[in-house]
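Here's the structure, in structure tokens; my notes come after.
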There are 2 protein chains.
Amino acid sequence: MVTLAEVAQHAGVSASTVSYVLSGKRSISVTTRLRVEQSIRELGYHPNAGARALASNKSNIIALMIPLRTDMYVPVMMEIAIAVATTARTHGYDVLLLTGEEGPDAVRRVTGSGLADAMILMDVELDDERLPLLRGTDQPSVLIGLPADTSELTCVDLDFKATGALCVEHLAMLGHRDIAVIGEAPAVYERHTGFAERTLDGLRSRAQELGVRLLHRPCEGGYDAMALTLARILDERPGTTGFVVQNESAVEPLLALLRGQGRAVPEDVSVVAICPEQVAVQASVRLTSVAIPAQEMGRHAVDHLVAKLDGRGKDEVVLIAPELTVRSSTGPAPSAAS
Amino acid sequence: MVTLAEVAQHAGVSASTVSYVLSGKRSISVTTRLRVEQSIRELGYHPNAGARALASNKSNIIALMIPLRTDMYVPVMMEIAIAVATTARTHGYDVLLLTGEEGPDAVRRVTGSGLADAMILMDVELDDERLPLLRGTDQPSVLIGLPADTSELTCVDLDFKATGALCVEHLAMLGHRDIAVIGEAPAVYERHTGFAERTLDGLRSRAQELGVRLLHRPCEGGYDAMALTLARILDERPGTTGFVVQNESAVEPLLALLRGQGRAVPEDVSVVAICPEQVAVQASVRLTSVAIPAQEMGRHAVDHLVAKLDGRGKDEVVLIAPELTVRSSTGPAPSAAS
DNA sequence: ATAGGTTGTCGAAGCGCTTCGACAACACTT
DNA sequence: AAGTGTTGTCGAAGCGCTTCGACAACCTAT
């Protein structure tokens, strides 16, 4: 293993000079710098991470806590994780992967040991137990998701309330008067994951403003669960012509079921999905959808975190504005007159 | 920040004693140990990761390189990553997340800097450029996937050749004589990702042994691509009654298309999928499938890696035996006589 | 020519931990 | 009673790096 001292000797300078060449924290003459860089290359030197962390009191590592459960949005989580990792690298940081399993203890461990300089938390619940810890430390952090109380916290998320509103608006504008919402699995609501409730909030308040009737039903993924849910919905509100789906794994089953019942999409019923772009495009009907901007969220989170680490950047809540893309799953409501 | 020295002072012992209490590398009297542990708890001490890494020359971190692309098996990757992270924790290791983006440089960087003690590589290509680096270092590593040359390497993977064979066997036994294989996206084959080719190998050789005709077609995910592929297949081999699908995102489109053409599953055609359990269960028809044991692979990989780090464990290739679960998507071939 | 600035380099201290050798203190043997 | 182990604890060195203060060497401006 090559050390700083060996590089210094090889280049005929002192260790501190090499260090300053590396960090750029003091001016170094061009000739010296070139000579040192040459030696570094020749010897294949890599600074030792541990020594660096010890001496400088920073690890250049960002911790990312991902949810352990896989009952929702797996591709989204994955995409966020990848975006976080690649963005972090562009800032010179590596990413430590923590699962939610350890819960608050993980926060304590990472903060206490100096393993990471900062953390990003995903799958934040409305009243998350990790939050007090984050507030109580000077370690910067960013949440992906929105808890109930965002004071002293930096959060990045899609504006799910606006998303809900947007979906209702679109359907209402097309003349739909009875809208059903296929929600996430019941467990997601019970856990008080903010995004599900915020979406619902947006859906409901907009529906009321526009005088549209709304029916919300949680739904496990899969064909069977969807069949049951759909039957119940059509039983209660036979006139339902608009659907908003917020559960990836219910999308395709819903389409199949509607097809099976002879209800044409978009002629008889319209479907709006809240899902990743890819799902919307690959479905058996190209879906009108509000995309979940996973990459953007991951990138934003890291950029904010790095800003904080650099002393720039303040606590704030960033809500990404939703965008609805019209594809082939929505159309005018079948005329009420007919 | 609380240091070892402070704990030592608080407990009235020397720093080295505290260290030995922590590591258990020398015997310590019960009374002393209890006193030290008490102090640790009272002061809320956490060992500094950097200092530890520097002094002991190990970081207690395992690097995990995940593919950047998301053109296949995203949930599988995610599940593996989570399994790796949680299993690593049970051994006292943390996981550093690297994306394939940096390629071989990432291996150099991590190895050179002592950031991680060992690495796990996913998405290994048959002739992966990272392999020479791994062979040339004494840093332990485990591959998830199988390259062409496995000498001096430890690999964990599903036995995809046996998987292919198993699928053909099952269909052949049910009387199917014309089988079509819906493969991964063409890019996956061009990249020479081992598992796709090994599956194909297993499918083909077993088909030949059993005197069954086999047609293989790569297929991008999604409805449109599947429609095209299916049309071509049925054009070439109208008598096809058995399908093997190795592309998650083609499963549901295939089922929908078959339904649309009035081909009943499993009465007219049988479908076997190679996919995660969840996909098989949630599909619109409960699918006969060979599960991809993501968790098991992740767990295995870590266990082997830790064994290597402990000086136990040798280079070896572990192929997990496939298991075919019969569900409702396969049945006897429509009698050739009819 | 001399005081006052810059600029580029060096030496040394120290980050918090592990680990080695040393050595009391005590228990056994013979 | 002396020798021989064991057991539990300590002091000190050192891991590879960053960073601070010091200080030559060179520039100006007077």
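What's counted below: heavy atoms across the whole structure, side chains too, no hydrogens, waters or symmetry copies. First the proteins, then the strands, lettered A, B, ... as listed; each starts at 1.
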ask   = Between B:R109 and B:E102, is there a side-chain N and carboxylate O pair less than 4.0 Å apart?
value = yes
query = Ion pair present between B:K308 and B:D117, side-chain N to carboxylate O less than 4.0 angstrom?
reply = no
ask   = With a 4.0 Å cut-off on heavy atoms, is B:S19 in touch with a base, just the backbone sugar-phosphate, or nothing at all?
value = base
ask   = Which residues within residues 50-58 of chain B lie with some heavy atom under 4.0 Å of an atom in DNA chain D?
value = B:L54, B:A55
task = Verify the neighbour count for atom CG of B:D127: are there more than 12 heavy atoms of other residues, nucleotides or ligands below 6.0 Å?
result = no
ask   = Could you go step by step and tell me if A:L153 and A:E316 meet the side chain to side chain contact (heavy atoms under 4.5 Å, CB included) rule?
value = CA-CA 7 Å; A:L153 256 25; A:E316 74 183 305; over 6 Å; no
message = Counting the atoms with a prime plus P, OP1 and OP2 as sugar-phosphate, which does B:I28 contact under 4.0 Å by heavy atoms, base, sugar-phosphate, or nothing?
response = sugar-phosphate
ask   = Base, sugar-phosphate, or nothing for A:S16, non-hydrogen atoms under 4.0 angstrom?
value = base
task = Please figure out whether B:T32 or A:T17 has its closest DNA chain D nucleotide nearer the 5' end.
result = B:T32
task = Any chance you could lay out the side chain to side chain donor-acceptor pair (under 3.5 Å) test for A:S14 and A:T17, step after step, and finish with the verdict?
result = CA-CA 5 Å; A:S14 76; A:T17 300; 3.1 Å; yes
request  = Begin with the C-alpha distance, continue with both residues' side-chain angles, and end with the deciding distance and a verdict on side chain to side chain donor-acceptor pair (under 3.5 Å) for A:T32 and A:S29.
outcome  = CA-CA 5 Å; A:T32 309; A:S29 70; 2.7 Å; yes
ask   = On DNA chain D, which is the earliest and which the latest nucleotide, 5' to 3', with an atom closer than 4.0 Å to a heavy atom of chain A?
value = D:dG16 to D:dA22
ask   = Name the one of A:D128, A:L134, A:V156 that satisfies side chain to side chain contact (heavy atoms under 4.5 Å, CB included) with A:L143?
value = A:L134
key: Candidate list B:D94, B:V142, B:I120, test side chain to side chain contact (heavy atoms under 4.5 Å, CB included), partner B:I62, passing option   = B:I120
